[in-house]
Engineer: 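Next up is a structure, given as structure tokens.
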Amino acid sequence: MSQQIDNVLHENRHFPPAREFQSRARLSTEEAYQRMYRESIDHPERFWGRIARELPWMQPFEKVLDWSGAPFAQWFTGGRINASAVCLDQHALGRRADQRAIVWEGEPGETRTLTYAELHLEVCRFANVLKARGVKKGDRVAIYMPMIPEAAVAMLACARIGAAHSVVFGGFSAHALRERIVDGGCTAVITADGGWRRGQVLPLKPQVDEAVEGLHEVHTVLVVKRAGNRVEWRDRRDAWYHEMVADVSTECAPEPMDSEDLLFLLYTSGSTGKPKGIVHTTGGYLVGAYLSTQFVFDLREGDLFWCTADVGWVTGHSYIVYGPLSNGATILMYEGAPTTPDAGRFWDIIDRHKVTIFYTAPTAIRTFMRLGDDVPRKYDLSSLRLLGSVGEPINPEAWMWYHREIGRQRCPIVDTWWQTETGSIAITPLPGVTVTQPGSATRPFFGIDAAVVDDKGHDLPADQGGYLVIKKPWPSMLRGIWGNPDRYREGYWGKYGNMYFAGDGARRDEKGYFWILGRVDDVLNVAGHRLSTMEIESALVSHEKVAEAAIVGRPDEVMGQAIVAFVSVVKGVVPDDALREALKEHVAHEIGKLARPAEIRFSDALPKTRSGKIMRRLLRDIAAGVETTGDTSTIEDFALLAKLRGDEE
Ligand code: WTA
């Protein structure tokens, strides 16, 4: 354990919130934070009941928390609420009608602005199109879209009529999309002809065609016209959004949903091959997204909030759509790549649109760092007042660069730890209060009873590496894994019984700050994206020339981890560079480009223990190019070790 979780950080720089920031912050004193945090832990029902009542319920809830069915929580039971009404109606029919909700910029450079009134109208019309196509309450709808306003509109339209959405990242392959459509039992798919990425049209509709081929349950593929690329057409199944929308009404009453009704499924990788459909319900999720956006980003009137994530990830769900819109904020949404047409695109967007809050991932920060300081220095970034980071541990050098070159030493940085499963930010600085330290996500957010424990579940003393757990239920927590309650119980609660196990290692220092050390299971974090080693292995093994495969992560300066595949081929096949390329392509085709291995090493057989387990620790060391000092007495074939090391050299 201590081998696995080694504390390598010795970081002593401290950054208290700037006076100027603090003087206007929502929360500006340690006492105020302590008071709220204590109440959220000691009297969660009082705390969460009060926060939840700030949202417009269609029917008040009776009970704040029902934990009798642990680990399946029920929050705000008896209450009725609609997520799209929370995000739209209260603003569009009130004083924010003419305020901008979405400011969008396409990669080729065009812009579109939707006020709350306009967004409300669009969502109602989209919802009516869905109804016209037979989508109804309780259905699941897959969304496979580029980053255009219609992606958010589609999500909110589903929520409006009580259908759950399952957004699949547009970078996933047809195969991965199909797997998710089937697992979720989706009956309709919303997509676009294509989107713009790196100066080119990235077609989406053809992937959907391949994904739904022969799936009779899918009665509708609704296509938004974005890129104008030619698409194949299936008359009864396919429908153009722009044609359908001409005939529908602009009014659509929001469906009163039970607080515990399904709002969405979102697939994520676990330590087995099959992706997990993480279940999020309505009331609790909204309360978590709403409160965290308000406090973590210290939302103010007039803010322009830019979260650079894709809506296909949980960050896009909670901090592009549900969190900011439930608060009546204005979001910026950008379609394309960060370096198109040049390395300054992000900074140019901030400069032109006057973005005030910028939330991105360490992998992006490291990419920009490499592109040189002179790039951001050409732009006026003075509109920024707060920076955020999410998705993987941020190394102190990247943190310092972000602070200096982007925040110009004025902006607090919130390094936010959370997961698809937590639904909203769980460990984070509060920018008007917390003294930040590069590399630390600092302290738990309200209602999060986080701890670092050993194998037996005992709290560890300060500065000892262990497992990150959460001891109490929280409103936006997952409600399970779609179709697999046992996997939920075992995977997240099985280790300790009464605590949620996140799958991450961490240490807590004497001040109580958390330092996240990364995953402890077979999950890789490549450029902030969670990928299961097993899933990539099974993709490789599905290739006819592969006998066995093992995937490990190697530390990578930009992406955090890079994928290294150890592959043994079937008898008679001679491995060569052509096969290497073919296998990389194969993985990209099966899962998506994000899973494409950076390196493939061939060997006659993989090193195994006597019980037949692949020795991943050994492979990891080999992949990273470090000497293996651990015990190797259980390797079946010592000669193999030398061979694996020699390969590629
Ligand atoms: C990692 C993304 C360190 C962690 C919101 C977690 C982080 C996984 C941080 C969840 C952070 C996320 N510091 N590690 N600030 N944020 N992680 O589900 O390993 O895509 O378990 O959710 O990302 O990834 P997911």
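Ligands are counted one by one from 1 in listed order, and the atoms in each one are counted from 1 as well. Below, all heavy atoms of this structure are taken into account, side chains as well, without hydrogens, waters or symmetry copies.
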Engineer: Quick one: which residue pairs count as a ring-ring contact (aromatic ring centres under 6.0 Å, His included) with a foot in residues 417-437, not counting sequence neighbours?
Structural biologist: Tyr319-Trp418
Engineer: For Ala361, check side-chain contact (heavy atoms from CB on, under 4.5 Å) against everything at least two apart and list the hits.
Structural biologist: Thr363
Engineer: Name all residues meeting the side-chain contact (heavy atoms from CB on, under 4.5 Å) criterion together with Ala329; count only those two or more places apart in sequence or in a different chain, and write none if there are none.
Structural biologist: Leu299, Pro324
Engineer: Considering non-hydrogen atoms only, spot the tightest contact between Gly518 and Pro393 and give its length.
Structural biologist: N-CG, 4.3 Å
Engineer: Nearest 0.5 Å, what's the CD-CZ distance between Glu392 and Arg519?
Structural biologist: 13.0 Å
Engineer: Can you work out which protein residues put a heavy atom within less than 4.0 Å of ligand 1?
Structural biologist: Val314, Thr315, Val390, Gly391, Glu392, Pro393, Asp415, Thr416, Trp417, Trp418, Gln419, Thr420, Asp504, Ile516, Arg519, Asn525, Arg530
Engineer: I need the single residue from Thr416, Thr315, Thr308 that forms a side-chain hydrogen bond (donor to acceptor under 3.5 Å, both in side chains) with Tyr359. Which is it?
Structural biologist: Thr416
